[in-house]
Amino acid sequence: DEDTLKYCQHAYDEAVQRNDDLRDININNRLFYEGIDKDLEDRKNDPNVSRSAIFVPLLKPAIDTRISDPVTRVDERECPITLKPLNAQATGPERDAIAQIEYRLNRQLRESGYLTDGFREHIQGAEIYRTPSAVKVGWERIYVKKAVVKIRMKKFMGLPIIPTKTVEFITEESGRPYAEWLYPDEFLYQPNRSRFADHEYAIHRMWKCADDLRAMGQALGWDMKKVDKAVKEVPADDKTEETDSMRDQIEKEKGTAFREGYRDDKILAYEVYSVTYSDSGDEIVKVATVLANKYIVKKQNGPKGIRFPFVLLTANRLPGTTEGLSSVDIGRPHQRLYNELANLNIDGLAYRMFPPMLQRMGNNFIGTPKLGLGRLWKMIDISPAGIRPLVENQGMAPDLLPTMQIVAENLRNVLNAPSNDQGQMESPYEKAASVKLRSFGAAKRAAPYNKQCGLALIEVAEMFMAYNQQMGKDGADWVVNVSVDCPSLTAITDPET
């Protein structure tokens, strides 16, 4: 137990360090995706010049359009995951059995929420954050109480037998696989590994209050004596001194507080999935559950056939790492340039209506001119008039709008996002031909991305099959020699169809 605890603590500290390095980047990426840019706020408050500072969303629609393509393809198919027998000579009954399993598998994927909100969140997380978007696949047990009516025959005072009804409640146990999308601070991984298959460990981190922790421990069979120890050691509320700023509190949490076992009356709980080997060289996955970074409450072997029950997705993976550059990182320069051009357009129109004015000293005005955006600057000599605009005929530069269109198209190109701009065509035939070529080009550029999303969906489905095969009471029906495919995402289709 001591060696296991030291290993878990070392793995946790190593993984948390990498997570902390990317924390601020991920937060800023999320804010930028939602339309909050600190540079615009600074320009809005510039005392030297009055300028518009509007965030014109271009990046978010491009990412949402890119996400919607695989999501729409999955939603349009009742069974996006297909099973095909590896045996080409499969009989009719065998194919019927595979079709039933295929329907049940897709139903479970939808009931778990992965094919509805979870699939979009998985892809969206990869688009926004640098840390890989992770989905945890597991098995949950379901207990249902059912009322059973029993009829008993009973004699009473020598009278004829009369039936007596009694109601008894019995508990039936069933189970099903689940897919849970994890936030960036919930999934920790070994840094400096190029592939997830090369990782020695993976960690699922949670912060739970005492009541939730006890309920979870009873359901999962933890050592409740150690759970009670961890709960009793929750420190009393430390009131922060008024001299501590919000930034100081954040830095404290980012430092030692996260590595300690307690935070805001909550207790740290994390599962470490690590790879070991038997004497014969077979790979074994061990799972250790640690509370407060000091108590191991459960140790067990991982499910067979599943190395780590996590499915990762990274939009633009960097060589030699598990994480990568998010689409927000790639599109940020274009979004800022687009904001600048749009604000220049607004400024040009505003200053054309309300230009700054020059006033010659000595001229008398009944009242100060109300010029809105314009500023009144007093000069010694302006001839021939006493007041005139600083720049004649200010307005929008003629190249701004075409430049904005170029920037918008370039952003969609670097993100491989489909374009909805059909342009101006001379004839309906040219317009239809151009739209078809553009659609086919967008489908071809997005094919690698759709394939990656499809492979993630296939991996989740294979884990569902493995859990059904091991945990389900009728698991024998799932032991079939099939290949799992997702043709709606992994293939390039004709845009007309």
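Starting from 1, each residue takes its place in the sequence as its number.
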Take Asp282 and Tyr277 through the test side chain to side chain contact (heavy atoms under 4.5 Å, CB included) and record every step on the way to the result.
CA-CA 5 Å; Asp282 297 331; Tyr277 297 91; over 6 Å; no
Side chain [X], main chain [Y], donor-acceptor under 3.5 Å:
X	Y	answer
Arg307	Ala197	yes
Asn410	Ile406	no
Arg317	Ser194	yes

Please identify each residue that fulfils ring pair (Phe, Tyr, Trp, His ring centres under 6.0 Å) with Tyr183, with sequence neighbours left out.
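Here the qualifying residues are Trp181.
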Do [X] and [Y] sit within salt-bridge range, that is, some charged N less than 4.0 Å from a carboxylate O?
X	Y	value
Glu271	Lys136	yes
Asp37	Arg336	yes
Arg18	Glu14	no
Arg205	Asp185	no
Lys232	Asp228	no

Could you list all the side chain to side chain donor-acceptor pair (under 3.5 Å) pairs where at least one residue sits in residues 76-90, not counting sequence neighbours?
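Checked against side chain to side chain donor-acceptor pair (under 3.5 Å) - neighbours excluded - no pair reaches residues 76-90.
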For Tyr295, enumerate each residue passing the side chain to side chain donor-acceptor pair (under 3.5 Å) test, keeping only those at least two apart in sequence or located in another chain.
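Residues passing side chain to side chain donor-acceptor pair (under 3.5 Å) with Tyr295: Glu233.
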Any residue meeting side chain to side chain donor-acceptor pair (under 3.5 Å) with Lys266, in chain and number order, not counting sequence neighbours:
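Lys266 satisfies side chain to side chain donor-acceptor pair (under 3.5 Å) with no other residue.
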Can you pull out every ring-ring contact (aromatic ring centres under 6.0 Å, His included) where at least one residue sits in residues 308-332? Sequence neighbours excluded, please.
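For residues 308-332, and leaving out neighbouring residues, the ring-ring contact (aromatic ring centres under 6.0 Å, His included) pairs sorted by first residue read Phe187-Phe310, Phe196-Phe308, Tyr273-Phe310.
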Test of understanding: with side-chain contact (heavy atoms from CB on, under 4.5 Å), list the residues that count as partners of Gln100, not counting sequence neighbours.
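Scan of Gln100 (side-chain contact (heavy atoms from CB on, under 4.5 Å), adjacent residues dropped) gives none.
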